[in-house]
Visitor: 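Encoded as structure tokens, here's the structure I'll be asking about.
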Amino acid sequence: MKKLFTLAISLIVTLSAFAQTEEAYLKQLDSIEKTLKYEHGTIQLANGIGTLKVPSGFKYLNGAQAEKILVDVWGNPKSESPSLGMILPDAKGVTSLNSYVFNIEYEEMGYVKDDDANDIDYQELLTQMKEDSKTENEERKKAGYEPIAIVGWAATPFYDKERKILHWAKNLKFGKDPVNTLNYNIRILGRKGVLVLNAISTMNELPLVKKDISKVLDIVQFNDGFKYDQFDASIDEVAAWSLGGLVAGKVLAKAGILAVFLKFWKILAVAVIALFAKFKNLIFRKKEEVIPQVVENNEDTDEADKNL
């Protein structure tokens with residue numbers, strides 16, 4: 001009984017400690033949010049690549065702040081292509097759990113030809129991506145990150161040839177996380193490279209992202225000299241990537257706030273399970289101690305019956 005009481009107290013203390021830790025964690029997120037400076041209107045992107053017009057109902061977080069969120073707060077590895085900023089719904093913050101952000105990057109890979117646009121079998125491509133992700137996951141695990149499983153398309157790839165915009169969405173599973181991750185991708189083709197917009201959220205936010213996607217597709221425009229139709233074959237480099245290659249690129253390098261929060265709750269779950277395991281072991285041990293006594297008493301009764 002004393003051991004059961006001690007374990008009960010341990011469970012209460014553990015839950016209380018994690019509740020306090022959760023509260024402290026949420027306060028920390030709130031304090032981080034208060035330090036961020038959001039912008040509206042027209043934004044000049046770094047290196048003179050282009051401009052971003054923040055649509056109504058959205059706000060912009062500049063590249064320096066976005067990079068700190070990605071690396072220092074969300075725990076992502078540093079990227080070769082640093083963030084050019086993030087856009088997100090005006091009523092939400094980058095630390096909100098029930099929202100999404102579009103992270104913006106630029107990959108100077110050269111001019112991506114779009115002549116394979118009508119020839120891509122996206123279901124076959126998905127099968128190949130799932131196979132390729134096995135190798136990527138080995139690299140991720142060696143680097144200390146969780147493996148990522150491609151569950152399927154959350155939105156089948158679509159290429160707008162007139163606007164030179166390719167977009168699609170993947171349904172991903174990080175490790176054993178109970179909630180799947182949404183990775184919504186937009187690629188805007190340019191003369192010397194591709195503007196990359198990635199939405200980071202959970203699959204729960206897919207309807208919200210789909211509702212807002214039309215507002216996001218046209219927000220970034222290349223400046224003069226970087227536009228797709230200004231390609232000059234005599235001096236410009238052609239990318240080794242095709243449209244299919246853009247879709248099949250690395251699965252996902254970045255996770256959002258959800259992944260960090262789920263890891264916190266995993267620690268709590270493990271602690272609680274361990275405590276319940278102790279309860280279970282103690283209860284079964286008590287039963288084992290009682291059963292022999294009952295059997296012994298039965299044997300004594302049987303022996304007494306024989307003596308009558």
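Heads up: numbering here begins at 1 and tracks the sequence. Every value quoted in this text rests on a predicted model; they were computed, and no experiment measured them.
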Visitor: Of all heavy-atom pairs between V54 and E39, which one has the smallest distance, and what is that distance?
Guide: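 So the minimum-distance heavy-atom pair works out to CG2-O, 4.3 Å.
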Visitor: Evaluate the side-chain proximity of D218 to K215: yes if any heavy-atom separation is below 4.5 Å, no if none is.
Guide: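 A side-chain contact under 4.5 Å is absent here.
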Visitor: Quick one, F102 and V216 - any side-chain contact, counting heavy atoms below 4.5 Å?
Guide: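 In contact.
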Visitor: Could you tell me whether a side-chain N or O of N118 sits under 3.5 Å from a main-chain N or O of D116, the two making a donor and an acceptor?
Guide: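 Judged by distance alone, no pair lies under 3.5 Å.
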Visitor: Give the minimum heavy-atom separation between L243 and A117, together with the two atoms involved.
Guide: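 Distance-wise, the nearest heavy atoms are CD1-CB, 3.6 Å.
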Visitor: From I43 CD1 over to L61 CG, what is the distance, rounded to the nearest 0.5 angstrom?
Guide: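 One gets 10.5 Å once the value is rounded to the nearest 0.5 Å.
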Visitor: Looking only at heavy atoms, which two atoms of S201 and T181 are closest? And how far apart?
Guide: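 Nearest pair, atom of S201 first, then T181: O-CG2, 3.4 Å.
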Visitor: Strictly by modelled atom types, are D212 and Y100 linked by a side-chain donor-acceptor pair under 3.5 Å?
Guide: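 Checked: D212/Y100 side chains pair up, N/O donor to acceptor below 3.5 Å.
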Visitor: Please determine whether the number of non-hydrogen atoms from other residues, nucleotides or ligands lying under 6.0 Å from atom NZ of K68 exceeds 12.
Guide: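 For K68, atom NZ is not crowded (no more than 12 foreign heavy atoms under 6.0 Å).
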Visitor: Should the pair K192 and Y111 be classed as cation-pi, given the thresholds of under 6.0 Å to the six-membered ring centre and 45° from the axis?
Guide: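 No cation-pi geometry.
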Visitor: Has the side chain of E237 got a donor or acceptor atom that lies under 3.5 Å from a matching backbone atom of G110?
Guide: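 Flag not set: sc E237 to bb G110 has no pair under 3.5 Å.
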Visitor: Hey, could you give me the OG/NE2 distance between S214 and H167, rounded to the nearest 0.5 Å?
Guide: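 Interatomic distance, S214 OG to H167 NE2, rounded to 0.5 Å: 10.0 Å.
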Visitor: Counting only N and O atoms by type, is there a donor-acceptor contact under 3.5 Å from the side chain of N198 to the main-chain atoms of N103?
Guide: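 Judged by distance alone, no pair lies under 3.5 Å.
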Visitor: Are Y159 and V238 connected in the hydrophobic side-chain network, where two residues link if heavy atoms are under 4.5 Å apart?
Guide: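 Yes; V238 is reachable from Y159 via cluster members.
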Visitor: Given Y60, which partner from the list I219, L88, L52 fulfils the side-chain contact (heavy atoms from CB on, under 4.5 Å) test?
Guide: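 The side-chain contact (heavy atoms from CB on, under 4.5 Å) with Y60 is passed solely by L52 among I219, L88, L52.
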Visitor: Side-chain contact test, heavy atoms from C-beta onward, threshold under 4.5 Å: evaluate it for T127 versus E131 and give yes or no.
Guide: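 They are not in contact (no side-chain heavy atoms under 4.5 Å apart), so the answer is no.
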Visitor: Under a 4.5 Å cut-off applied to non-hydrogen side-chain atoms, are W241 and V194 in contact?
Guide: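 In short, these two side chains do not touch, never coming nearer than 4.5 Å.
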Visitor: With a 4.5 Å limit on heavy-atom distance, are the side chains of I213 and L217 in contact?
Guide: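 Answer yes - side chains close enough.
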Visitor: Taking it one step at a time, do T51 and N223 satisfy side-chain contact (heavy atoms from CB on, under 4.5 Å)?
Guide: CA-CA 7 Å; T51 59; N223 285 337; 3.6 Å; yes
Visitor: Do Q230 and D232 have side-chain atoms, one donor and one acceptor, less than 3.5 Å apart?
Guide: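 No.
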Visitor: Just wondering, do I165 and L189 contact through their side chains at under 4.5 Å, heavy atoms?
Guide: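 Not touching, per the 4.5 Å side-chain cut-off.
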Visitor: Rounded to the nearest 0.5 Å, how far does OG1 of T156 lie from CG of L126?
Guide: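 Between L126 CG and T156 OG1, I get 9.0 Å after rounding to 0.5 Å.
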Visitor: side-chain contact (heavy atoms from CB on, under 4.5 Å) between V196 and I104: does it pass, once the steps are laid out?
Guide: CA-CA 6 Å; V196 177; I104 306 165; over 6 Å; no
Visitor: Any chance you could lay out the side-chain contact (heavy atoms from CB on, under 4.5 Å) test for L197 and I188, step after step, and finish with the verdict?
Guide: CA-CA 8 Å; L197 283 76; I188 306 170; 4.1 Å; yes
Visitor: So, taking the atom named NZ in K170 and the one named CG in N183, what distance separates them when rounded to the nearest 0.5 Å?
Guide: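 Here the interatomic distance stands at 4.5 Å.
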Visitor: Which atoms form the tightest heavy-atom contact between A66 and S83, and what is the distance?
Guide: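 Residues A66 and S83, closest heavy atoms: CB-OG, 3.4 Å.
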Visitor: Going by atom types alone, do D90 and H40 pair a side-chain donor with an acceptor below 3.5 Å?
Guide: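 Indeed, the side chains of D90 and H40 share at least one donor-acceptor pair under 3.5 Å.
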Visitor: From I120 CD1 over to S242 OG, what is the distance, rounded to the nearest 0.5 angstrom?
Guide: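 Result: 6.0 Å between the selected atoms.
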Visitor: Answer yes or no: is there a side-chain heavy-atom contact under 4.5 Å between I148 and K173?
Guide: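 Counting from C-beta outward, I148 and K173 never come under 4.5 Å.
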Visitor: Is there a continuous path of hydrophobic side-chain contacts, each under 4.5 Å between heavy atoms, that joins V151 to W153?
Guide: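 V151 and W153: separate clusters.
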Visitor: With a 3.5 Å distance limit and no angle check, can you tell me whether N62 reaches the backbone of Q65 through a side-chain donor-acceptor pair?
Guide: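 Such a contact is found between N62 side chain and Q65 backbone.
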Visitor: Examine distances only and state if a side-chain atom of S133 and a backbone atom of E136 form a donor-acceptor pair shorter than 3.5 Å.
Guide: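 Here the side-chain-to-backbone pair does not exist.
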Visitor: As an exercise, state the distance from CG of L84 to CE of M86, rounded to the nearest 0.5 Å.
Guide: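 Separation between the atoms: 11.5 Å.
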Visitor: Specify the closest pair of heavy atoms between F226 and G48, including all atoms of both residues, with the distance to one decimal.
Guide: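 Heavy atoms of F226 and G48 come nearest at CE1-O, 3.3 Å.
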Visitor: Tell me if a side-chain donor or acceptor on E33 pairs with a main-chain N or O of V94 at a distance below 3.5 Å.
Guide: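 Answer holds: yes.
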Visitor: With sequence neighbours excluded, what pairs up with K161 under the side chain to side chain donor-acceptor pair (under 3.5 Å) test?
Guide: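 Side chain to side chain donor-acceptor pair (under 3.5 Å) list for K161, sorted by chain: empty.
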Visitor: Looking just at side-chain N and O atoms, do N171 and N180 make a donor-acceptor pair shorter than 3.5 Å?
Guide: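 Yes, N180 and N171 have a side-chain donor paired with an acceptor closer than 3.5 Å.
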Visitor: Do E138 and T135 have side-chain atoms, one donor and one acceptor, less than 3.5 Å apart?
Guide: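 Result is no, nothing qualifies.
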Visitor: Assess K59 against Y38: is NZ or CZ under 6.0 Å from the centre of the six-membered ring, and within 45 degrees of the ring's axis?
Guide: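 K59 over Y38 ring: yes.
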Visitor: List the steps and the verdict of side-chain contact (heavy atoms from CB on, under 4.5 Å) for R191 and Y228.
Guide: CA-CA 4 Å; R191 174 183 176 182; Y228 192 84; 5.9 Å; no
Visitor: Would you check if there is a donor-acceptor pair between the side chains of N47 and Y106 at a distance under 3.5 Å?
Guide: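 Per modelled atom types, Y106 and N47 side chains form no pair under 3.5 Å.
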Visitor: Got a donor-acceptor contact below 3.5 angstrom from the R187 side chain to the L166 backbone?
Guide: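 It does not hold such a pair.
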Visitor: Do M109 and V112 have side chains that approach each other closer than 4.5 Å (heavy atoms only, starting at C-beta)?
Guide: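 In contact.
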